[in-house]
Structures are given as structure tokens and as C-alpha cells.
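Here is the structure we will look at.
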Amino acid sequence: MSESNPIADLQALEKEALAAVKSAQDRESLEEVRVMYLGRSEGRLSAILRGLSQVPVERRPEVGKSANAVKERVSTALEARQSELVAPSAESELDLTMPGRSRWRGGLHPITQAVDEIWHIFRDLGFARARGPEADTVWYNFEALNTPLDHPAADEQDTLYLVDSVLLRSHTSPVQMRTMEANEPPIRIIAPGWVYRRDTYDATHTPAFMQIEGLVIDEGITFVDFKATLAEFARRYWGPDTQVRFRPSYFPFTEPSAEVDVKRIITRPDGTQYETEWLEIMGSGMVDPNVIANAGYDPERYTGWAFGMGPGRIAMLKHGVQDLRTFFENDIRFLEQFAR
Ligand code: DAH
């Protein structure tokens with residue numbers, strides 16, 4: 001310490017100490033800084049305080065006060081730096097240019113989306129939505145639908161029975177009967193829902209899956225109504241160029257019965273077009289007079305048509321999904337691709 005100006009020496013020391021505090025990058029080097037300046041035996045400020053006796057008596061109070069103030073400020077700076085090193089401040093430690101973490105967005109399941117889109121098209125055509133129980137009786141699931149219990153579909157190999165004559169419905173067709181019983185014609189309904197079968201779990205079968213039932217009953221309904229409605233649905237769902245084909249088939253609850261296929265015209269990004277294969281979308285037909293009579297309606301007066309379609313298959317085709325199981329295994333990386 002210079003004899004002439006101890007205050008100036010103190011100021012220089014403070015400046016140096018504060019700079020050292022600021023540049024300490026971890027807690028160990030900060031502790032070294034503390035020992036170097038404030039350490040009880042070797043510390044440079046402590047040395048100054050100890051050397052006060054060398055200072056002329058009249059200057060001692062002034063120098064002593066100044067030294068204590070420096071000690072105070074350096075201690076405060078040490079503490080502040082210490083807490084910075086424990087909890088890094090936003091500016092010093094965060095890379096503000098780093099992209100943000102995107103917020104998790106929930107979304108509807110792709111099959112739910114297909115069900116909604118299909119239902120909305122029929123709603124716009126004047127249909128109402130109907131529902132029925134998933135656990136139902138053999139009467140509603142089979143017998144009322146003109147399907148005798150010795151029919152292969154009613155076999156325990158195919159159907160999940162709960163107790164005696166109660167089962168998990170194997171199709172949404174029982175909603176036809178329940179709706180007819182609870183209402184008077186005219187009837188125009190769409191009934192989406194879960195159905196259950198003893199199927200092996202593979203790329204195109206799951207033991208629980210979605211179906212969408214459609215039913216129209218009124219006076220004077222013919223197959224022409226069905227063809228026109230279906231063609232309109234297909235054009236709205238797949239596009240105006242979609243072709244529809246009806247193939248003869250057999251179901252116990254319809255006569256005549258038909259399977260419906262659609263063929264799509266796809267436009268590539270370069271403007272060229274190609275046709276898809278025919279794809280089967282539903283079973284259908286004119287409601288069998290026995291079914292109409294089972295509902296308590298006069299089959300001479302009322303006729304109607306019905307269909308059952310599989311939105312799972314429709315969603316697979318729409319998204320180019322090869323394995324139905326991926327829709328049910330709840331791998332969020334797969335499902336979030338469809339979120340919207
Ligand atoms: N219930 C039939 C099935 O699950 C599908 C079906 C065919 C429903 C013809 C109908 C129909 O309403 O008319 O395979």
C-alpha cells in the first residue's frame with residue numbers, strides 16, 4: 001500500500017476484485033477470488049485493514065471506513081455471482097435462437113374422423129343419427145333380422161356370447177330393428193358403432209371394430225333410391241369422378257342384396273390421372289319383408305333399403321395404411337400424423 005494515497009489503493013483493489021468476481025466461471029474459482037481478496041489471513045483487503053496502524057492517525061478513520069465499504073461491496077458481488085452460478089440467468093445460459101418445443105395437440109382418431117365425415121354427408125342428405133346397445137340379445141342381433149340361430153354367423157365360433165341369449169353385437173344391424181320399433185316411418189338413419197367378432201387379430205381383422213349402419217324405410221322406396229343416394233355419397237366422400245358398382249350378394253335381412261364397390265380417379269400432382277382398383281365398401285340391399293313385419297310395420301305398405309359399411313377399411317384406404325392393427329395399438333407417433 002502506498003504511503004501517500006491508501007484510498008486510491010483501495011479503489012484500485014476494489015476494481016480488480018470486482019472484475020475477478022465477474023469473470024469467475026464456476027464456484028471453485030469464485031471461492032479462490034474470495035480467499036485472494038477477503039481471506040482472513042492472506043486476503044489482500046484483510047492485509048490493508050491490518051496495516052491501518054501504519055496510516056497516520058488523523059487519516060485512519062477515513063481509510064478504515066473506506067476499506068470496510070470496499071469489503072462490503074466485494075462481499076455483495078461475491079454473493080450475487082455465487083447465486084448466478086447456481087441458477088444460470090436466462091441471458092447467460094439459454095440459447096434464445098433454439099426452436100421452441102412444440103405444444104402437444106390432441107386430435108381425433110383417424111377412424112373417428114372417417115365416421116364423422118361419413119355421418120356428416122348423410123346428415124346433409126336428411127338422415128338422423130341412431131344408436132343401440134353394444135350388448136344385445138340374439139333376437140335383435142339375429143332372429144329379428146331373419147337370421148336363424150343355426151346360421152353360421154350365429155355360431156359361437158364367430159360371435160362373442162356373454163350369457164345365454166345375450167351377446168356382444170356382431171354388427172350394427174340390430175339398430176335397424178330397435179329404431180323401427182321406437183319410431184314410425186318414414187325412417188332415415190345412420191348408426192355408427194362398435195361391433196364384436198371372434199376374429200383372429202391380423203392385418204385386416206380386429207375383434208372389435210366400427211361399422212356404420214344405414215336404414216331408409218318409407219312408402220314407395222325402391223332400389224333406385226338406394227343407388228342414387230349411394231352414388232351421391234360416394235361422390236361427396238371421394239370426389240365427383242368416383243364410380244359406383246353394385247354386385248349381387250346375399251344377406252338374410254335383405255332381398256335382393258348387393259355389395260357396393262367404388263373406383264376412384266386420382267389426379268397426380270403433375271395433372272395426370274389414374275384409376276384405383278374397385279374397392280368394396282359395404283353390404284346392402286332392400287330390407288327383407290320379414291324384417292319389416294318383425295318391426296310391426298305392414299310389409300305391403302312399406303319398403304326400404306339398408307347398408308352396413310366399415311369405416312376402418314375406408315380409413316385404411318384413404319390414408320394408405322396397410323395394417324388395420326396400427327390404428328388400435330395407440331403408438332402416438334403413428335396416430336399423431338392424422339391429428340387435426
Ligand atoms: N350386417 C352386415 C355385416 O355385418 C352388413 C350389412 C349387409 C348390413 C347388408 C346391412 C345390409 O344393413 O343391408 O356384414
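In this chain, residues are counted from 1 in sequence order. Just so you know, ligand 1 is whichever comes first in the structure, and atom 1 is the first atom listed for that ligand.
Under the 4.5 Å side-chain heavy-atom criterion for Ile, Leu, Val, Met, Phe, Trp and Tyr, Met210 and Leu167 are members of distinct hydrophobic clusters.
Of the polar atoms of Gly283, none of the N or O atoms is found under 3.5 Å from an N or O of ligand 1, judged by distance alone.
Of all protein heavy atoms, the one lying nearest to atom 11 (C) of ligand 1 is Phe253 CE1, 3.6 Å. Nearest protein heavy-atom contact of atom 5 (C) of ligand 1 is Gly308 CA, 4.1 Å. Among all protein heavy atoms, the one lying closest to atom 1 (N) of ligand 1 is His171 ND1, 2.8 Å.
Residue contacts with ligand 1, taken as heavy atom pairs separated by less than 4.0 Å, involve Ser284 solely via the backbone atoms N, CA, C and O. The proximity of Met286 to ligand 1, defined as any non-hydrogen pair under 4.0 Å, does not occur for either the backbone or the side chain. Within the 4.0 Å heavy-atom criterion, the part of Gln176 lying near ligand 1 is the side chain and not the backbone. Under 4.0 Å from ligand 1, not a single heavy atom of Trp305 appears.
Interatomic distance, Phe307 CZ to Phe233 CZ, rounded to the nearest 0.5 Å: 7.0 Å.
For the pair Lys318 and Tyr237, the distance from NZ or CZ to the six-membered ring centre is under 6.0 Å and the angle to the ring normal is within 45 degrees. Both cation-pi conditions hold for Arg178 and Tyr140: the charged atom is under 6.0 angstrom from the six-membered ring centre and inside a 45 degree cone around its axis. For Arg325 and Tyr201, the positive end sits near the middle of the six-membered ring, less than 6.0 Å away and at most 45° from its axis.
Taking every non-hydrogen atom of Phe251 and a distance limit under 4.0 Å, the qualifying atoms of ligand 1 come out as 7 (C), 9 (C). Atoms of ligand 1 found under 4.0 Å from any heavy atom of Thr254 (numbered from 1 in listed order, with element): 13 (O). Interface atoms of ligand 1 facing Gln211, defined by a heavy-atom separation under 4.0 Å, are 3 (C), 4 (O). Per-residue contacts place Glu213 under 4.0 angstrom from the following atoms of ligand 1 (heavy atoms of the residue considered): 8 (C), 10 (C), 12 (O). Interface atoms of ligand 1 facing Arg197, defined by a heavy-atom separation under 4.0 Å, are 3 (C), 4 (O), 14 (O). Each of the following atoms of ligand 1 lies closer than 4.0 Å to a heavy atom of Gly285: 13 (O).
With hydrogens and angles ignored, the 3.5 Å screen pairs a side-chain donor or acceptor of Arg60 with a backbone N or O of Ser53. Side chain of Thr242 to main chain of Arg264: no donor-acceptor pair is present (N/O by atom type, distance under 3.5 Å, no hydrogens or angles).
Side-chain contact between Trp305 and Thr229 is present, with heavy atoms from C-beta onward closer than 4.5 Å.
Taking the six-membered ring where the residue is Trp, His171 and Phe253 present perpendicular rings, their angle passing 60° and hence far from 30°.
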